[in-house]
Amino acid sequence: MRDRFFHRSDRSQIYTPFMESSSNEPVIILSGGGDFFMKDLPGNISVRVENGKVVEIKLGSDESNCPPKVKKELEEYFSGKRKEFSFPVEIRGTSFQKKVWEEVRKIPYGETRTYREIAEKLNTSPRAVGQALAKNPLPLYIPCHRVVSKRGLGGFSAGLEWKRFLIDLERGSR
DNA sequence: CACCAGTGCTCGG
DNA sequence: CCGAGCACTGGTG
């Protein structure tokens, strides 16, 4: 059986069975494309898989073809039926970034914390937390949209529209 | 050393 | 109450 996965540089087909790849080749799996997900998402999404694990989720990317397991979980999440993900991931970052991301993963669905609150738990500064979150390779899975500034929303790499959307989604007002 | 997805403070509307 | 300016912050390349 052949699936269609893509190199970042070269979008020609490469075959790698999802979750079973033995090669070390970086593989890109893309999703989105119009009605692939719910119609009112702020944008499409792409997912990158290497050696059977999701290593990058990109909001606002407009390509196509996502592994079925991941697609299913994302669609459930976006329709409000799923609160956590079970697909395999590999989290890549510095040790500090991993600490921040781990802490952020503890924030319950539908709740938010401030950058300062996260910083205090880790004995660091809000600024450093923001900087680590800006590098989050797995938005949604590492729910950085649940971290807001003390006054307003704070920032979001994929755009504040996404951040608002995700917070509203989890609040159930959607 | 110069960036930053932050925060608290101080002014002036 | 709001916004602009400013100092301070701590990890990163």
Using a strict cut-off of less than 4.0 Å between a Lys/Arg side-chain nitrogen and an Asp/Glu carboxylate oxygen, indicate whether [X] and [Y] qualify as a salt bridge.
| X | Y | answer |
| --- | --- | --- |
| A:K72 | A:E76 | yes |
| A:R113 | A:E111 | yes |
| A:K71 | A:E73 | no |
| A:R116 | A:E120 | yes |
| A:R146 | A:E170 | yes |

Checking the side chain of A:W101 only, and the main-chain atoms of A:A132 only, is there a donor and an acceptor separated by less than 3.5 Å?
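Indeed, once roles are kept as given, a pair shorter than 3.5 Å links the two residues.
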* Flag, side chain of A:K163 to backbone of A:L153, donor-acceptor distance under 3.5 Å ->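 Checking the backbone N and O of A:L153 against the side chain of A:K163, a donor-acceptor pair under 3.5 Å is found.
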Reading nucleotides 4-11 of chain C from 5' to 3' and marking B where a protein heavy atom lies under 4.0 Å of the base, S where only the sugar-phosphate is that close, and - otherwise, the string is -----BBB
Taking [atom1] from [X] and [atom2] from [N], how many angstroms apart are they, rounded to a whole number?
| X | N | atom1 | atom2 | value |
| --- | --- | --- | --- | --- |
| A:L160 | B:dA5 | CG | P | 11 Å |
| A:E117 | B:dA5 | CD | P | 20 Å |
| A:E120 | B:dT7 | CD | P | 10 Å |
| A:K121 | B:dG6 | NZ | P | 20 Å |
| A:L153 | B:dG6 | CG | P | 11 Å |
| A:K98 | C:dT12 | NZ | P | 12 Å |

Item to complete: Look at the rings of A:F156 and A:H145 and say which category their plane angle falls in: under 30° parallel, 30 to 60° tilted, over 60° perpendicular.
Response: perpendicular
Given Watson-Crick and G-U pairs under 3.5 Å, DNA chain B in dot-bracket ([ ] crossing, | other strand) is ||||.||||||||
Next item on the list: Using only side-chain N and O atoms of A:K150, determine if any of them is under 4.0 Å from OP1 or OP2 of B:dG6.
Entry: no
Q: Take A:R105 and A:E103 through the test salt bridge (Lys or Arg N to Asp or Glu O under 4.0 Å) and record every step on the way to the result.
A: CA-CA 5 Å; A:R105 287 250 298 150; A:E103 195 60 39; over 6 Å; no
Just call it for A:S157: base, sugar-phosphate, or nothing, with non-hydrogen atoms closer than 4.0 Å on any strand.
base
